[in-house]
Structure formats: structure tokens, C-alpha cells
Amino acid sequence: PAAVDPPAAPPRRRRGSLATPAPNASDDDGNGEEAKQSICRRRRYLVCDTALGCCCCCVLTPLLLLIIVVLGAYISASSRTFPATRFTNVVFPSLSDDGTVLRGYRAVPDAPSGGAVLVFHAWNGMSEEATYFCDRAAEAGHYCLAPDLFRGVASDTMNIVWNILNVVRTSQERMDSDTDSALAYLKSIEGVDPDRIASGPGFCFGGSQALIFSSRHKTAATVTAYGTYVKELHDPLSAAWGRMRE
């Protein structure tokens, strides 16, 4: 009989090594489909498999959306601001010791009567409104100054987000200091009678500032237009009247 060759021995593997099967296209398709089903499958708790994960998603997702909305609103609002120097024409020193230089709009009368007026801008900062009333007061014979209480930044009236933030983050203490400096500047002008200085007109936010100023200083008159501070003046004994009682 003819000789038969023995069967070939399988290749030997090194100890510790693992054989890697050849890639199979059908296996790849199966794994991809399984992964897709894993992502799209129905979860036990909304979008998570655990109660803790679901709570985190429910809390963090709205918070993240809120942050994005607020940030977008702030960026949009800040892009609608402009330098208040468009409506200022004078600088005057601050009474504080930090060397701050303040700005405002000054109107000088052709025929001075000795009186002077402090005009207070609205919540959007310096604008044509403040300069208009300064010019009208000067036509009546009064020196007039409208101090920039927001120190360099102004906006249009309907930029509500920015205007609210601007009012909230500007301290009343700093504004009081700036209006005191404006008063000192007015009194330093030759021909101004310090006993004939009026507070206002002021409008809305400015109306409140006109009242607050008069509560701290004795003035010849106070002119306010719907200042929110006026709600405290229904009581004639209220401390809000301050020096307006004099």
C-alpha cells in the first residue's frame, strides 16, 4: 500500500498569547447595530438608567440652558451701549480721594440770574433728554449741570436688560458721592447763588435721584417725574423727607 503523510500539526502559540480571529464583516454590522440599539433604547428613568443620573440631568440641563440664555441676553444688551461722552461737555473733580474725574453736561445762561439746576438722567444714562432740559434751564437764566452717574456708559431707553443691570450694580453711595461733587462744582461757578440751587428735573430713575439728593441737601426746589422714591413720602413724618422739610 502507498504511504500516507501524517496530518500537519497546528501552529504552536506562545504562552500567554491569544489568537485574534480574522475580522468578519457580518460581525461588524452586528456590533454597529447593537451600539445603535444601545443608544436609542428606552431608558428606565427618562434619559438615564439610574435615578441619580436622571436627577442630575433634570437639574443640570435647565440650569445650562438658563446660563446660555442669560449670557446671550447680556452680550446682546452690552452690544447696544455707547460712550456717554456723546452727551457730556465738561469734567469736574470728585470729592473722593481716589482721583476720579467725573463728567457731565453743563449749560451756561446768556443772562445769569444767579440760580442753578442739577438735572438727573434716566436709567439709560446720559442722553438728549438730559441735555435738552439743561439747555432749557439755561435759556431761563440758570446755570445747569447734568452729572453722568454711570461714569461713561449709556444706552437707549428700551435696552431693558442692560439698564436694569446698570441701575442694580451702581451703588447709591457712589452716586451720592458723585452728586455731592456736582453740587460742589456748581457752587464753585462765579455768579451762582448757593441758596438758589434746585434738584431736578429728574425722570424715573433720575426722579428718584432728585428726591434722594434733596433729602440730603437743602435745595431751593425739587422737581421729580414719577420717581419710585416718592412712594415713601405719603407719610409727612417719614425720614425719607430728610432736608426737604426745611
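For reference, positions follow the sequence shown, starting with 1.
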Can you list the residues that meet the salt bridge (Lys or Arg N to Asp or Glu O under 4.0 Å) rule with Asp176, with sequence neighbours excluded? Arg216
Would Phe87 and Val153 show up in the same hydrophobic cluster when neighbours are defined by side-chain heavy atoms closer than 4.5 Å? no
Can you confirm whether or not the ring centre of Phe203 sits under 6.0 Å from the ring centre of Phe120? no
Mind jotting down which residue pairs meet the side-chain hydrogen bond (donor to acceptor under 3.5 Å, both in side chains) criterion with at least one end in residues 114-139? Sequence neighbours excluded, please. Tyr105-Asp135, Arg136-Glu139
In this structure, are over 12 heavy atoms from other groups packed under 6.0 Å from Glu173 atom CD? no
From Ile197 atom CD1 to His217 atom NE2, the distance as rounded to the nearest 0.5 Å: 10.0 Å
Salt bridge (charged side-chain N to carboxylate O under 4.0 Å, His left out) contacts touching residues 103-113 (sequence neighbours left out): none
Those residues at least two apart in sequence (or on a different chain) that pass side-chain contact (heavy atoms from CB on, under 4.5 Å) with Ser79 are none
Going by heavy atoms in the side chains, are Leu211 and Met244 under 4.5 Å from each other? yes
Apart from Leu95 itself, what residues make up its hydrophobic cluster, given side-chain heavy atom links below 4.5 Å? none
Thr81/Ser155 under side chain to side chain donor-acceptor pair (under 3.5 Å): CA gap, chis, key distance, verdict: CA-CA 4 Å; Thr81 63; Ser155 176; over 6 Å; no
Under the side chain to side chain contact (heavy atoms under 4.5 Å, CB included) test against Leu145, which residue among Leu183, Thr179, Leu118, Val117 passes? Leu118
Scan residues 178-197 for pairs that pass ring-ring contact (aromatic ring centres under 6.0 Å, His included), counting only residues two or more places apart or in two chains. Phe92-Tyr185
Contact summary for Pro109 and Ala138, nearest pair of heavy atoms: CB-O, 3.3 Å
Please check if Phe82 and Phe205 belong to a single hydrophobic cluster, counting links between Ile, Leu, Val, Met, Phe, Trp and Tyr side chain heavy atoms closer than 4.5 Å. no
Hydrophobic cluster identity match, Ile212 and Val223, side-chain contacts under 4.5 Å: no
Can a donor-acceptor pair be found between the side chains of Ser199 and Thr222 at a distance below 3.5 Å? no
Is there any salt bridge (charged side-chain N to carboxylate O under 4.0 Å, His left out) pair reaching into residues 64-88, and which pairs are they, with sequence neighbours excluded? Arg80-Asp156
Please answer: with hydrophobic residues joined when any side-chain heavy atoms are less than 4.5 Å apart, are Leu149 and Val168 in the same cluster? yes
Do side-chain atoms of Thr85 reach the backbone of Thr88 as a donor and acceptor pair under 3.5 angstrom? no
So side-chain hydrogen bond (donor to acceptor under 3.5 Å, both in side chains) across residues 142-152, not counting sequence neighbours, yields Ser113-His142, Arg151-Asp178
Could you list the residues that satisfy side chain to side chain donor-acceptor pair (under 3.5 Å) with Asp98, not counting sequence neighbours? Ser96, Thr100
Linked hydrophobic residues, Ile68 as query - side chain contacts closer than 4.5 Å: Leu64
Let me check something: do Leu165 and Met126 share a hydrophobic cluster, defined by ILVMFWY side-chain heavy atoms less than 4.5 Å apart, either directly or through other members? no
Partners passing side chain to side chain donor-acceptor pair (under 3.5 Å) against Arg243 (at least two apart in sequence or in another chain): Glu246
At their closest point, which heavy atom of Ser181 faces which heavy atom of Pro93, and how far apart are they? CB-O, 3.7 Å
Please determine whether side-chain contact (heavy atoms from CB on, under 4.5 Å) holds for the pair Gln209 and Gln172, giving the CA-CA distance in whole Å, both sets of side-chain angles, and the decisive distance to 0.1 Å. CA-CA 9 Å; Gln209 294 305 313; Gln172 186 61 49; 3.0 Å; yes
In the hydrophobic clustering (ILVMFWY, side-chain contacts below 4.5 Å, transitive), which residues join Val101, or is it alone? Val91
side-chain contact (heavy atoms from CB on, under 4.5 Å) between Ile189 and Val192: does it pass, once the steps are laid out? CA-CA 6 Å; Ile189 299 175; Val192 170; 3.8 Å; yes
Donor-acceptor pair, side chain of Asn166 and main chain of Trp162, under 3.5 angstrom: no
